[in-house]
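The structure displayed is predicted, hence computed values, not measured ones. Counting convention: from 1, in listed order, for ligands and their atoms alike.
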Amino acid sequence: MVSLPKLGIVFGLQTVAYFLSEKIELLDWPKNLPEWPQHLLAERFSNKTHGDFPRWFEAINAMPEQPSHEVLLDEDAVRCVLNLSKETTAVLQDQLMHLHPWRKGPFQIGDIRIDTEWHSDWKWQRLSKTLGTFNGQRVLDIGCGNGYFGWRMLGAGAKEVVGIDPTLLFCMQHQAIQKYFQDQRNWVLPLKVEEIPITTTFDRVLSMGVLYHRRDPQEHIDKVFALTENGGQGIIETLVVETTESLYPEDRYARMRNVWCVPTVDDLCSWMTKAGFSDIQVIDVCTTSFEEQRSTPWMHFESLVHSLNPEDQRLTVEGHPRPVRAMVVGSKN
Ligand SMILES: C[S@@+](CC[C@H](N)C(=O)[O-])C[C@H]1O[C@@H](n2cnc3c(N)ncnc32)[C@H](O)[C@@H]1O
């Protein structure tokens, strides 16, 4: 685990390393995952992966060095208490804004409320009302975004949450949050699910908002099953259609390019059964509202409302059924 002063120094060294070698020596790695591809970190945290990396990196470095008095993980906005002057708060807000767009949250860093595109706290409420406690559990969160749900799971008692997400900006947002939270029980590693081996299993494996981005949904659910500990649970949250057949969009879905399949709940449940899960429960099905997903000062690009047909908001701009999401839990016995 990295302590507060050490992380500061590591960031300092990384700045030097970055300018010398155009890549950083990376941070840290969960000690209990030696067989995962750690060698990919340095390559991913570099401008080879994203041209904006230097800008994001400098923004995090320029954030005020200030330890948190307290970190609170069981509130809708996960937050830390900071003792910053108005001027320093303005500097921090400006640097955090360099990591725009902030999609998953909300967060509260000192006096700064990061009002993200998504009310992820609402998804958390739908999830946690059925999953209950995470006491002592090790969790894998596939496609974890910036790690918001990891904080909530720690707040609900989890021992450790390993998140993976190939979108480098979200990994950098997590680094920014970690600068103040300093809690190395929540990881956001820049990896794709297909890159991780099945050598380690987890008490709970979550895949939320990922299935429809995978070309082969059965293969994805099989992997979730393989990564779940015996006696554990797999949780799949995805866009679904309420028609009789799963949708395989030929082009975009709600303006997203990389959507391969939007299943019916029945297909999703039968894929989970086929993977080996039992006791399958559909814990929630809901239509995404304009209150839950919207543009905000922290995500000023277009959002859900712009993806729907203005003349018939039951449809996307492409004419598909508008986004409905389902959450399904299965057990591995
Ligand atoms: C719709 S977001 C969902 C984020 C969060 N899990 C949630 O439910 O709000 C989907 C996330 O999956 C990530 N993702 C896409 N392909 C992935 C892959 N092959 N492996 C892991 N994550 C992936 C994306 O980068 C993105 O952050």
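- The closest approach between Lys123 and ligand 1 falls below 4.0 Å for a heavy atom of the residue.
- Inspection of the Asn333 and Ser278 side chains reveals an N or O donor paired with an N or O acceptor under 3.5 Å.
- Every residue meeting the side-chain contact (heavy atoms from CB on, under 4.5 Å) condition with Asp165, not counting sequence neighbours, appears here in chain and number order: Cys144, Thr167, Phe170.
- The closest approach between a heavy atom of Tyr148 and any atom of ligand 1 is not below 4.0 Å.
- Residues Thr288 and Gln293 bring no donor and acceptor atom of their side chains to less than 3.5 Å of each other.
- Annotation: side chain to side chain donor-acceptor pair (under 3.5 Å) contacts involving residues 214-226, sequence neighbours excluded, comprise Glu194-Arg214, Ser207-His220, Gln218-Asp222.
- Heavy-atom contacts from other residues, nucleotides or ligands closer than 6.0 Å to CD of Glu75 number more than 12.
- Ionic pairing of Arg322 and Asp312 is not present here: no N-O contact between side-chain nitrogen and carboxylate oxygen is shorter than 4.0 angstrom.
- Atoms of ligand 1 lying under 4.0 Å from at least one heavy atom of Phe170, given by number and element, are 27 (O).
- The closest approach between any non-hydrogen atom of Arg214 and ligand 1 is below 4.0 Å.
- Proximity of Ser120 to ligand 1 is not established, as no heavy-atom distance is less than 4.0 Å.
- Selection from Gly209, Gly143, Gly147 by nearest heavy atom to atom 4 (C) of ligand 1 gives Gly143.
- For the pair Trp124 and ligand 1, no heavy-atom separation below 4.0 Å is found.
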